[in-house]
Amino acid sequence: MWSCLFKFILLTSIGSSIIHGVEEVVPDTLENSIKQGLEGYLNNEKSPAELNQTIRDLQRLNLFRTKDKSLSKASCTACKAGLDVLINARRKGVEKEKFLDVLTKLCAWLKLESEPVCHATVALHIDSLAYIVDNKKDLTSKRVCSIILQEHGCEDPDRKNWTIDIPASKEKPLYVRKECSKSKSLKILQLTDIHYDPGYEAGSNGACQSAVCCQNGSKPSQPENAAGYWSDYRFCDTPWYMITNSIDHILTHHTDLNYIYFTGDILYHKVWDTSIPGNTQIIRDVLQEFKKLFGTTPIYPTLGNHESHPVNLFSTEGVDEPQLSTQWLYDLAAEEWKTWLPIETRETILKGGFYTTLIKPGFRIISLNSNVCYTYNWWLLYDDVDPYGQLQWLVKVLLDAEENNEVVHIISHVPNGDDNCLHNWSREYSKIINRFAHMIAAQFTGHTHHDETLIFFNISNPSQAINVAYNGGSLTTWAHVNPNYKIYEIDSESAEVLDYETWIFNVTDANLSPNISPNWYKLYSFKDAYGVDNLCPHELARLTERMAKTPSLTQLYFRYKYKEADTMLARGCNNQCEIDNLCRMVISYSECTQQCETLKEIYNFARH
Ligand SMILES: *[C@@H]1O[C@H](CO)[C@@H](O)[C@H](O)[C@H]1NC(C)=O
Ligand SMILES: *[C@@H]1O[C@H](CO)[C@@H](O)[C@H](O)[C@H]1NC(C)=O
Ligand SMILES: *[C@@H]1O[C@H](CO)[C@@H](O)[C@H](O)[C@H]1NC(C)=O
Ligand SMILES: *[C@@H]1O[C@H](CO)[C@@H](O)[C@H](O)[C@H]1NC(C)=O
Ligand SMILES: *[C@@H]1O[C@H](CO)[C@@H](O)[C@H](O)[C@H]1NC(C)=O
Ligand SMILES: *[C@@H]1O[C@H](CO)[C@@H](O)[C@H](O)[C@H]1NC(C)=O
Ligand SMILES: [Zn+2]
Ligand SMILES: [Zn+2]
């Protein structure tokens with residue numbers, strides 16, 4: 001969320017939705033004011049007070065009205081205007097410090113964070129940004145806007161519309177996907193989005209003005225602002241004892257786990273306070289605890305976007321500057337993960353944090369580093385074509401698996417349907433899922449902190465559901481969710497998901513009794529809760545249609561998505577929220593919207 005604000009400091013504040021409300025009035029004037037205000041300040045011709053005036057003009061115009069697509073054209077124009085100024089200034093030799101200064105001022109004066117936090121965050125990102133502008137000689141504002149504001153459809157005709165080479169299906173796939181049927185089953189635990197914060201302190205200020213509260217040493221202004229002992233619904237991460245309590249609970253209540261999928265995000269949300277040694281320590285501490293407590297149960301990990309330093313940045317292959325390169329993280333992953341993974345996985349982990357291995361004969365796992373597609377990964381501005389050759393590698397792994405009659409699970413952090421996953425990447429990923437749907441039994445993701453399900457549809461036959469990605473939710477309560485983990489029951493032959501359970505505790509309730517362990521309980525099992533016979537893609541697609549017609553089902557999905565968090569239940573879910581939740585289930589990439597439209601029609605017909 002904060003990185004989202006960060007994007008807007010860099011861009012939106014300089015353009016984008018600012019234009020909103022002024023369109024009828026004086027768009028050119030505003031654009032000029034942005035240009036002159038920024039340019040003047042960067043060239044030392046204007047005073048801080050004049051820059052401040054520009055910012056205040058912008059502020060009055062309803063900043064941060066994002067989702068509104070009607071603003072798209074204005075957003076792109078303004079984004080371009082602001083970035084032209086910044087890129088040109090850098091090309092003309094304006095010092096890094098000046099950008100640090102201007103971006104910090106924008107951030108602080110827009111009250112996104114306190115000045116020191118703004119300064120620290122911008123300072124962490126400025127070197128990578130400067131490197132990209134300095135070394136990518138043909139970088140244009142159009143290019144930047146087409147990536148970071150892709151949800152507004154900003155265009156760059158010069159950007160490469162890249163594709164992956166995907167050999168066509170053989171006439172009859174060797175492996176014919178079985179109908180989901182129960183023979184012998186395996187249990188898989190999915191844990192995700194821990195966001196461990198060593199600075200968490202019960203009783204500290206849980207209602208601060210920052211992106212992360214509940215910090216040691218801070219004092220609540222009123223008693224109800226005090227941070228809870230067992231974490232907090234507000235913008236707070238996870239204390240150590242909550243992590244160990246969760247694992248203890250898992251171990252006592254699920255003694256028959258075969259495997260564990262860990263889908264990333266170990267680090268806290270204090271994105272201004274990361275460092276290579278600091279992140280390394282936290283990642284080691286958590287993975288050590290996994291090794292100690294889970295013992296010999298195999299864990300298949302992925303990297304989260306928060307593991308990197310600076311947050312979200314996964315450097316382009318060949319960028320070797322130690323202070324910019326992500327190599328330290330891949331080295332660390334190779335070292336820490338070797339407890340669970342065979343040596344053959346090392347090469348690709350070192351290259352880009354992804355790997356494949358057999359879980360058992362005939363059953364393969366593929367762990368992707370989907371963080372590279374995240375549009376906050378500035379390295380996409382440098383080179384967005386299939387970072388690390390990962391998708392091309394994925395095709396090769398799947399072709400081999402097809403040859404060998406294997407079934408596959410894919411785990412990754414950022415889900416494909418995310419509007420902030422680069423559309424070209426997610427389109428190619430969807431094509432790969434389409435091509436190999438007959439042998440990909442399921443996908444597992446994290447990142448959103450929501451307990452949700454994403455259905456993939458056939459690109460050539462958009463009403464046919466072909467695959468499913470399960471999101472694991474989060475152990476962190478950040479923000480307005482209860483902590484959870486999931487237990488999947490899968491068929492030991494076909495690796496199809498037969499059912500799953502979500503387990504949570506009620507944070508409000510747990511905090512009433514700090515001295516006793518939270519009361520973990522099974523929130524639901526999928527088949528029972530939704531009344532389905534199985535979790536095959538077509539059955540789930542039918543379920544979304546039933547949901548569209550049935551208010552009680554949509555409300556149930558909302559309740560479970562946020563894991564029954566009291567603050568979300570109090571907020572409730574209106575029609576727009578219900579429709580958004582439904583569409584989230586069926587848009588596996590940006591252009592695949594037909595099923596969403598169908599659901600809207602069903603919804604509107606049934607509810608009016
Ligand atoms: C900038 O404007 C804000 C009001 O929006 C004011 O509080 C602040 O003191 C101003 N800073 C400078 C340096 O002018
Ligand atoms: C980009 O490539 C895809 C796949 O080849 C194609 O469907 C799409 O129309 C292309 N888009 C543009 C803008 O060229
Ligand atoms: C892929 O990139 C090209 C070039 O920027 C763009 O025109 C196209 O819309 C993108 N495709 C998708 C699915 O976003
Ligand atoms: C808060 O906790 C962190 C992490 O344990 C520690 O480094 C820091 O010194 C603590 N700060 C205060 C004010 O206690
Ligand atoms: C998708 O639809 C096409 C055209 O109907 C079909 O040939 C293909 O087998 C379908 N894909 C899957 C995974 O079922
Ligand atoms: C959570 O616990 C609190 C306190 O016991 C209770 O008031 C609330 O209803 C519970 N929430 C749910 C969803 O059960
Ligand atoms: Zn997360
Ligand atoms: Zn994440």
Side-chain angles (χ1 to χ4, degrees), residues 1-4 146 150 153-166 168-173 175-177 191-197 211-212 235-238 262-271 286 302-308 311-312 370-371 374 376 384-385 391 398 402 412-415 418 420 422-441 445-451 455-468 471-479 481 483-484 536-538 541 588-592 594:
M1 200 161 285
W2 207 83
S3 56
C4 176
S146 79
Q150 66 168 1
C154 303
E155 280 178 12
D156 174 17
D158 299 329
R159 204 173 105 212
K160 201 167 166 231
N161 184 17
W162 54 272
T163 55
I164 296 294
D165 183 22
I166 309 172
S169 280
K170 306 205 173 95
E171 228 165 293
K172 276 204 182 84
Y175 175 87
V176 178
R177 189 173 173 151
L191 255 185
T192 195
D193 294 80
I194 292 178
H195 296 285
Y196 163 44
D197 185 359
V212 182
F235 293 92
C236 299
D237 283 324
T238 310
F262 174 63
T263 40
D265 273 0
I266 294 176
L267 262 287
Y268 48 53
H269 286 88
K270 286 179 279 186
V271 300
V286 169
T302 59
L303 293 172
N305 58 308
H306 279 270
E307 268 72 285
S308 63
V311 69
N312 299 332
S370 60
N371 305 302
Y374 205 33
Y376 304 104
D384 68 294
V385 179
L391 291 177
L398 288 167
E402 187 177 53
S412 67
H413 183 68
V414 175
D418 198 301
N420 293 314
L422 189 77
H423 288 164
N424 271 259
W425 199 94
S426 66
R427 179 193 66 216
E428 292 307 302
Y429 180 81
S430 293
K431 277 158 65 178
I432 296 170
I433 296 297
N434 265 261
R435 164 63 181 81
F436 296 98
H438 61 286
M439 48 184 280
I440 300 169
T445 60
H447 185 63
T448 66
H449 301 186
H450 300 152
D451 180 353
I455 305 165
F456 285 66
F457 289 84
N458 189 335
I459 294 172
S460 342
N461 177 17
S463 62
Q464 182 200 357
I466 54 164
N467 220 267
V468 180
N471 198 302
S474 64
L475 199 62
T476 186
T477 54
W478 197 98
V481 288
N484 83 291
C536 290
H538 55 85
S588 59
Y589 85 109
S590 63
E591 284 167 12
C592 182
Q594 180 169 324

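Counting starts at 1 for both ligands and their atoms, in listed order.
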Where the closest heavy atom to atom 5 (O) of ligand 5 is concerned, which of N461, N434, I433, I440 has it? N461
Under 4.0 Å from atom 7 (O) of ligand 2, do we find at least one protein heavy atom? no
Numbered atoms of ligand 5 (with element) below 4.0 Å of Q464, judged on heavy atoms: 1 (C), 2 (O), 10 (C), 12 (C), 14 (O)
Please find out if the Zn ion (ligand 7) and some N, O or S atom of H195 are separated by less than 2.8 Å. yes
Which residue and heavy atom of the protein sit nearest atom 10 (C) of ligand 2, plus the separation: N161 ND2, 2.4 Å
With no hydrogens and no angle check, just 3.5 Å: does a side-chain donor-acceptor pair link W162 and D384? yes
H449 backbone or side-chain N/O/S under 2.8 Å from the Zn ion (ligand 7): yes
Can a donor-acceptor pair be found between the side chains of E591 and H423 at a distance below 3.5 Å? no
Do me a favour and list the nearest non-hydrogen protein atom to atom 3 (C) of ligand 2 with residue, atom name and distance? R427 NH1, 3.6 Å
Would a 4.5 Å heavy-atom cut-off, applied to side chains only, mark I266 and H306 as touching? no
Step-by-step side chain to side chain contact (heavy atoms under 4.5 Å, CB included) determination, M439 to L398: CA-CA 9 Å; M439 48 184 280; L398 288 167; 4.1 Å; yes
Indicate whether the side chain of N305 and that of H447 have a donor and an acceptor atom separated by less than 3.5 Å. yes
So which protein heavy atom does atom 4 (C) of ligand 5 come closest to, and at what separation? S460 CB, 4.1 Å
Only heavy atoms of A437, strictly under 4.0 Å: list the atoms of ligand 5 that pass. 13 (C)
of all protein heavy atoms, closest to atom 1 (C) of ligand 5 is N458 ND2, 1.4 Å
Identify the heavy atoms of S430 and Y589 that sit nearest to each other, and give their distance. OG-CD2, 3.3 Å
Does E307 reach the side chain of D265, with side-chain heavy atoms less than 4.5 Å apart? yes
Give a yes-or-no answer on whether the side chains of H413 and N371 include a donor-acceptor pair shorter than 3.5 Å. no
Can you tell me the angle formed at the Zn ion (ligand 7) by OD2 of D265 and OD2 of D193, to 10°? 90°
